[in-house]
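Inspection log for the structure reproduced underneath, given as structure tokens.
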Amino acid sequence: MSDEIKHYCGLFGIFNHPQAARLTYLGLFSLQHRGEESAGIVSSDGRTMLKHIGMGLVEDVFKEKDLAQLVGRHAIGHTRYSTTGSSLLKNAQPLQVDYSRGSIAIGHNGNLINALFLRDELEAHGSIFQTTIDSEVILHLLADPSYAHFEEALVDTLLKIRGAFSLVILRDNELIGVRDPNGFRPLCIGKLGEAMILASETCALDILGAEFIREVEPGEVVIISDSGIRSVKPFPPTTLSHCIFEHVYFARPDSIIFGESVHLVRQRLGRQLAKEHPADADCVIAIPDSGNSAALGYSLESGIPFEIGMTRNHYVGRTFIQPDQHTRDFQVRVKFNPIRATLNGKRVVVVDDSIVRGTTCKARLNNIRAAGAKEIHMRVSCPPIMHPCFYGIDFPTRKELIACNKSMEEIREFLEVDTLGFISVEGLLNSVTGPKPNYCTACYTGTYPLPFGREANKYILERKFAGEARPPGMAVSGGRDMER
Ligand code: SF4
């Protein structure tokens, strides 16, 4: 990743294990890449729920004493990057409340496109919200006392919310997993002895030595209890819209999502890139780590040797104190340092998974050139990002996206590379094995699978226009107003 696109959320849930909170903690470690701003765990012993949440990385938030207090055989956990609402402790998940039917906790990955509409309705009937995140709307709908049974409330809630949502829900004696009918975000089911597990990615099962059973299907609700696992499918059939950017960048290469290995998809992206944009070069290097698999694919297809051209410093954390910036590229070099022995005097193909603003990419390429590269042939394993995402990924605005503001030749000149090539949308879709219409590619094509309100943005629930009356007739986020 050449510019820091923020990740969104990682989900984990476990039912019926004596070390439920500790295993959740380990699971969250594997899902850290999906959210670095906050982390939380809620555990249940069947009667009482206990919660520990905090800002920061999993290792910062949980100490031994915190885990020791999270007793119970069931737990859910969440790592968060804010896609709706500011990065504040009050917005950290899982959200947990006590209500008329007992206790309930929820972790959400994705974005609801009709959250403002639903929140307005709920507030008009007296609901009081404690956060500015869309996920709280789900809790309020679930808590509606007019339903005779929880499952009725759950189904009705799921039919009201729209957008991208993978959910883990913990009740006193039930763990529930949900995927939206479009299947934007992943969620899988695993098993460890007698315990059942839900996780955003299979890498969280691997760390525990758990068995991968299957993915939660798009539009499926799985209810795990002492009676076993039940499946409910409340949604009418719809087109699938798996986020293809999960395969390009977000998911870990050791995960299986949307039915296939992320590493193998990325390798095919690299092969496709080599076919679409060949280069006359001495070596292929990756921008680590997310460019690794695609660079390997480029090398295998082109026959140009794969080399390690950059090393990554894994110890540069969020607490790193930046000294005065004596050199323009210092901040980049402290994370990724080029290897002169690989690059000096060579014609180099550099493979990265995406270019967003272009500024970080440019700095890295400057460092590669300073390490002696004679020619640089930049290859990118996803098409130019031209449009915002409303389904849970926080891209910069169109003003900041380099592909919105420069032609291909202007980008090449800006990056100061000899040649530049992005994979085509067609090539991207050829690299996954599922049917092409089953993937969302809206950030490249502008063709959005679900409509959204024109004011949709991550701060929408904070009423950025607080104090001003909302303009009459202003569309709200994907609610009924959108359908007028
Ligand atoms: S717009 Fe892009 S990032 Fe968002 S869901 Fe679609 S493919 Fe994924």
Side-chain angles (χ1 to χ4, degrees), residues 1-11 33-35 81-84 108-115 134 161-167 179-187 200-201 218-219 238-252 255 257-260 262 265-266 269 290 352-357 380-398 400-404 422-432 434-454 456-458 460 477-478:
M1 173 61 56
S2 290
D3 304 79
E4 301 297 325
I5 291 176
K6 297 297 184 182
H7 307 203
Y8 36 104
C9 299
L11 304 177
H33 61 290
R34 297 183 74 89
Y81 171 71
S82 52
T83 51
T84 302
H108 173 202
N109 172 203
N111 255 26
L112 301 185
I113 55 174
N114 63 341
D134 54 355
I161 59 177
R162 296 181 58 205
F165 51 92
S166 283
L167 306 172
R179 260 178 100 194
D180 67 69
N182 296 83
F184 279 104
R185 304 280 154 231
L187 188 65
S200 290
E201 293 182 35
T238 189
T239 322
L240 298 182
S241 311
H242 301 316
C243 170
I244 205 156
F245 210 63
E246 290 270 0
H247 270 309
V248 169
Y249 169 67
F250 281 114
R252 267 179 39 167
S255 286
I257 61 161
F258 311 146
E260 59 188 327
V262 174
V265 170
R266 288 185 190 161
L269 289 169
S290 53
D352 202 355
D353 54 80
S354 51
I355 297 180
V356 185
R357 291 186 183 87
V380 187
S381 63
C382 85
I385 297 167
M386 311 274 288
H387 306 273
C389 172
F390 297 98
Y391 313 125
I393 309 294
D394 195 21
F395 288 126
T397 62
R398 283 174 64 90
E400 298 167 287
L401 290 171
I402 191 169
C404 284
F422 288 79
I423 199 170
S424 63
V425 174
E426 186 71 10
L428 175 68
L429 288 169
N430 281 340
S431 304
V432 285
K436 292 178 189 173
N438 288 4
Y439 294 87
C440 175
T441 56
C443 45
Y444 314 116
T445 59
T447 303
Y448 289 90
L450 289 178
F452 50 86
R454 65 190 147 98
N457 72 64
K458 70 184 272 192
I460 187 63
S477 299

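Remember, it's 1-based here, ligands and their atoms both numbered in the order they're listed.
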Side chain to side chain, Glu426 and Lys436, heavy atoms closer than 4.5 Å = yes

Any N/O/S atom of Cys440 sitting less than 2.8 Å from atom 6 (Fe) of ligand 1, backbone or side chain?
-> yes

Nearest heavy-atom approach of Pro384 to Tyr444 is O-CD2, 3.6 Å

For atom 5 (S) of ligand 1, what's the nearest protein heavy atom and its distance?
-> Arg185 NH2, 3.4 Å

Only one of Pro218, Cys389, Ser241, Ser166 passes side chain to side chain contact (heavy atoms under 4.5 Å, CB included) with Phe184; say which it is.
-> Ser241

Close-contact set for ligand 1 against Tyr391 heavy atoms, below 4.0 Å = 5 (S)

What is the nearest protein non-hydrogen atom to atom 3 (S) of ligand 1, stated with its residue, atom name and distance?
-> Ile393 CG1, 3.4 Å

Is it true that some N/O/S atom of Cys243, main chain or side chain, lies under 2.8 Å from atom 4 (Fe) of ligand 1?
-> no

Ligand 1 versus His247: contacting region, heavy-atom distance under 4.0 Å = neither

Atoms in ligand 1 with a heavy atom of Phe245 nearer than 4.0 Å | 3 (S), 8 (Fe)

Strictly by modelled atom types, are Arg266 and His247 linked by a side-chain donor-acceptor pair under 3.5 Å?
-> no

Under 6.0 Å between ring centres, would you say that holds for Phe395 and Phe245?
-> yes

Could you check atom 1 (S) of ligand 1 against the protein and tell me its nearest heavy-atom contact, residue, atom and distance included?
-> Cys443 N, 3.4 Å

From Asn109 CG over to Tyr81 OH, what is the distance, rounded to the nearest 0.5 angstrom?
-> 14.0 Å

For atom 4 (Fe) of ligand 1, closest protein heavy-atom neighbour = Cys389 SG, 2.3 Å

Straight-line distance of Ile161 CD1 to Leu167 CG, nearest 0.5 Å = 5.5 Å

